[in-house]
S.K.: 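So that we are looking at the same thing, I have put the structure below in structure tokens.
Because the structure is predicted, anything quoted here is derived from the model rather than measured. Side chains are part of it too, since the values below use all heavy atoms of this structure and drop only hydrogens, waters and symmetry mates.
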Amino acid sequence: PFVILDLKITEVNVGDNDYVKLENRSAYCAISLDGFELRLQDNYTPQPGVNVKLPDYVLQPQMGIYVAESPKAGDINIFTNVNFASHAGGFVTLCKGPCDMNNGMGITDALAFDGQQIAGPVLPPPATFTGTFKLPNNFDQDNQSIVRNKYDGVMPSFLATDWAVGNASY
């Protein structure tokens, strides 16, 4: 049961093709995505944002998969527009079971960010995001992403210091 903690959000892109990259960080165990859900919430979309039920797909150890508005072959389709933009804030949660907008108990991983002009929404309690990750004014949303560089934050306290701006990989 603890292997689910090895499924991590490792990149979020807020460009024309919004996407989330998920990775299985386990060195030995495969993880089924069946029963997981992503929630993508921005300041423009009414609650509960965009919820994506992940398919019954087995992610092998040390492998990743993209969940995207315009997916490439083998990746997961969001099937709707996500209104992420660099000037506005948002969050992404990965949940085992449904991502409930009022109860964050099912959250296994999360990223919250402030836009260049608008602060992002807060995570559903009891989950918290400690610190502020703000997109810089020179953020190039088509060529840069929010990328994970550390894995110190865990439920219920996710950390802004785990994240940085880096090159988009998709």
Side-chain angles (χ1 to χ4, degrees), residues 1-15 17-33 36-43 49-50 52 54 57 59-68 75-76 78 82 84-97 99 104-116 118-170:
F2 295 106
V3 74
I4 67 167
L5 298 177
D6 288 327
L7 183 62
K8 297 292 186 185
I9 300 165
T10 58
E11 181 181 359
V12 174
N13 185 274
V14 299
N17 177 26
D18 296 331
Y19 66 82
V20 175
K21 184 177 183 186
L22 299 175
E23 287 185 12
N24 177 355
R25 306 256 321 142
S26 171
Y28 306 105
C29 297
I31 299 174
S32 173
L33 301 183
F36 281 93
E37 186 171 290
L38 274 177
R39 178 175 170 204
L40 300 93
Q41 182 68 54
D42 61 81
N43 283 326
V50 175
V52 181
L54 299 179
Y57 178 87
L59 194 56
Q60 296 300 318
Q62 303 293 304
M63 297 301 292
I65 192 163
Y66 292 90
V67 182
D75 290 324
I76 299 169
I78 292 176
V82 178
F84 282 155
S86 61
H87 69 278
F91 69 73
V92 178
T93 55
L94 176 65
C95 306
K96 184 62 175 161
C99 288
M105 287 301 295
I107 295 174
T108 60
D109 201 17
L111 161 68
F113 61 94
D114 288 346
Q116 296 157 334
I118 304 170
V122 297
L123 296 175
T128 61
F129 197 77
T130 303
T132 301
F133 184 85
K134 183 175 180 171
L135 294 174
N137 287 333
N138 64 349
F139 184 76
D140 178 354
Q141 68 181 17
D142 292 321
N143 296 302
Q144 292 180 308
S145 289
I146 305 167
V147 295
R148 191 152 209 170
N149 58 13
K150 293 191 294 186
Y151 297 88
D152 294 333
V154 295
M155 179 65 174
S157 182
F158 300 100
L159 303 174
T161 54
D162 285 354
W163 298 90
V165 170
N167 291 331
S169 67
Y170 199 61

S.K.: What heavy-atom pair brings Leu123 and Ala110 nearest, and what distance separates the two atoms?
M.R.: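 Closest heavy-atom pair between Leu123 and Ala110: CD1-CB, 3.9 Å.
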S.K.: Would you say the side chain of Phe129 lies within less than 4.5 Å of the side chain of Leu111, judging by non-hydrogen atoms?
M.R.: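 A side-chain contact under 4.5 Å exists here.
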S.K.: Can you find a heavy atom in the side chain of Ile76 that is under 4.5 Å from one in the side chain of Leu22?
M.R.: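 No, side chains not in contact.
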S.K.: Compare every heavy atom of Pro121 with every heavy atom of Asn43, then report the nearest pair and how far apart it is.
M.R.: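 Shortest heavy-atom contact: OD1-CD, 3.3 Å.
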S.K.: Could you give the distance from CD (Glu23) to CG (Leu7), rounded to the nearest 0.5 Å?
M.R.: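 Going from the CD atom of Glu23 to the CG atom of Leu7 covers 9.5 Å.
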S.K.: Between Asp42 and Val82 (side chain of the first, backbone of the second, donor and acceptor by atom type, cut-off under 3.5 Å), is there such a pair?
M.R.: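 No; judged by distance alone, with no hydrogens or angles, the pair does not exist.
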S.K.: Where the side chain of Asp109 meets the backbone of Leu94, is there a donor-acceptor pair that is under 3.5 Å apart?
M.R.: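 No.
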S.K.: Quick one: does Arg39's side chain get under 4.5 Å of Thr93's, heavy atoms only?
M.R.: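 Yes, their side chains come closer than 4.5 Å.
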S.K.: Give a yes or no on whether the backbone of Ser86 and the side-chain of Gln141 come within a donor-acceptor separation of less than 3.5 Å.
M.R.: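 Yes, because the side chain of Gln141 sits within donor-acceptor range (under 3.5 Å) of the backbone of Ser86.
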S.K.: Whether Lys134 engages the ring of Phe113 as a cation-pi pair (distance to the six-membered ring centre under 6.0 angstrom, angle to the ring normal within 45°) should be assessed.
M.R.: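 No - Lys134 does not lie over the ring of Phe113 by the 6.0 Å and 45° rule.
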S.K.: Please assess Val20 against Leu38 for the test side-chain contact (heavy atoms from CB on, under 4.5 Å), listing each intermediate value before the final yes or no.
M.R.: CA-CA 9 Å; Val20 175; Leu38 274 177; 4.2 Å; yes
S.K.: As an exercise, state the distance from CD1 of Ile65 to CD of Gln60, rounded to the nearest 0.5 Å.
M.R.: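 Between Ile65 CD1 and Gln60 CD, I get 11.5 Å after rounding to 0.5 Å.
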S.K.: Test your reading of the model: is there a side-chain donor-acceptor pair from Asp142 to the backbone of Gly15, 3.5 Å cut-off?
M.R.: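 A pair under 3.5 Å: no.
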S.K.: Identify the heavy atoms of Pro126 and Met155 that sit nearest to each other, and give their distance.
M.R.: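 Smallest heavy-atom distance, with atoms named: CG-CE, 4.0 Å.
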S.K.: For a quick test of reading the model, state the closest non-hydrogen atom pair linking Cys29 to Asn24 and the distance between them.
M.R.: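 Heavy-atom minimum between the residues: O-ND2, 2.8 Å.
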S.K.: Given Tyr170 and Ser145, is the side-chain contact (heavy atoms from CB on, under 4.5 Å) satisfied, shown in steps?
M.R.: CA-CA 9 Å; Tyr170 199 61; Ser145 289; over 6 Å; no
S.K.: Would you say the side-chain atoms of Glu37 pair up with the backbone N or O of Cys99, donor to acceptor, closer than 3.5 Å?
M.R.: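 Confirmed, Glu37 side chain pairs with Cys99 backbone.
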S.K.: Can you see which heavy atom on Phe91 is nearest to which on Pro124, and at what distance?
M.R.: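 Looking at all heavy atoms of both residues, the shortest contact is CZ-CD, 4.1 Å.
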S.K.: I need the single residue from Ile146, Asn13, Val92 that forms a side chain to side chain contact (heavy atoms under 4.5 Å, CB included) with Phe84. Which is it?
M.R.: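 Among Ile146, Asn13, Val92, the one that satisfies the side chain to side chain contact (heavy atoms under 4.5 Å, CB included) with Phe84 is Val92.
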S.K.: So do Leu54 and Val67 actually touch side chain to side chain, heavy atoms under 4.5 Å?
M.R.: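 The answer is yes, as the side chains (C-beta and beyond) meet within the 4.5 Å cut-off.
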S.K.: Enter the distance from Ile9:CD1 to Asp162:CG here, rounded to the nearest 0.5 Å.
M.R.: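 One finds 11.5 Å between CD1 of Ile9 and CG of Asp162.
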S.K.: Please give me the minimum heavy-atom distance between Ser157 and Thr130, naming the atom from each residue.
M.R.: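 What the structure gives for the nearest pair is OG-OG1, 3.0 Å.
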S.K.: OG1 of Thr108 to CG of Leu5: how many Å apart, nearest 0.5 Å?
M.R.: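 Result: 7.0 Å between the selected atoms.
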S.K.: Any side-chain heavy atom of Phe158 within less than 4.5 Å of one from Ile107?
M.R.: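 Yes. Closest side-chain heavy atoms under 4.5 Å.
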S.K.: Check step by step if side chain to side chain donor-acceptor pair (under 3.5 Å) holds for Tyr19 and Asp75.
M.R.: CA-CA 10 Å; Tyr19 66 82; Asp75 290 324; over 6 Å; no
S.K.: Any sub-3.5 Å donor-acceptor pair from Asp114's side-chain atoms to Phe133's backbone N or O?
M.R.: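 No, because the side chain of Asp114 does not come within donor-acceptor range (under 3.5 Å) of the backbone of Phe133.
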S.K.: First locate atom CG of Asp6, then atom OH of Tyr151, and finally report the distance between them rounded to the nearest 0.5 Å.
M.R.: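 The distance works out to 10.5 Å.
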S.K.: Any donor-acceptor pair under 3.5 Å linking the side chain of Gln116 with the backbone of Pro136?
M.R.: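 Answer holds: yes.
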S.K.: Using modelled atom types and a 3.5 Å cut-off, is there a donor and acceptor pairing between side-chain atoms of Glu11 and backbone atoms of Lys21?
M.R.: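 Pair absent, no side-chain N/O of Glu11 close to backbone of Lys21.
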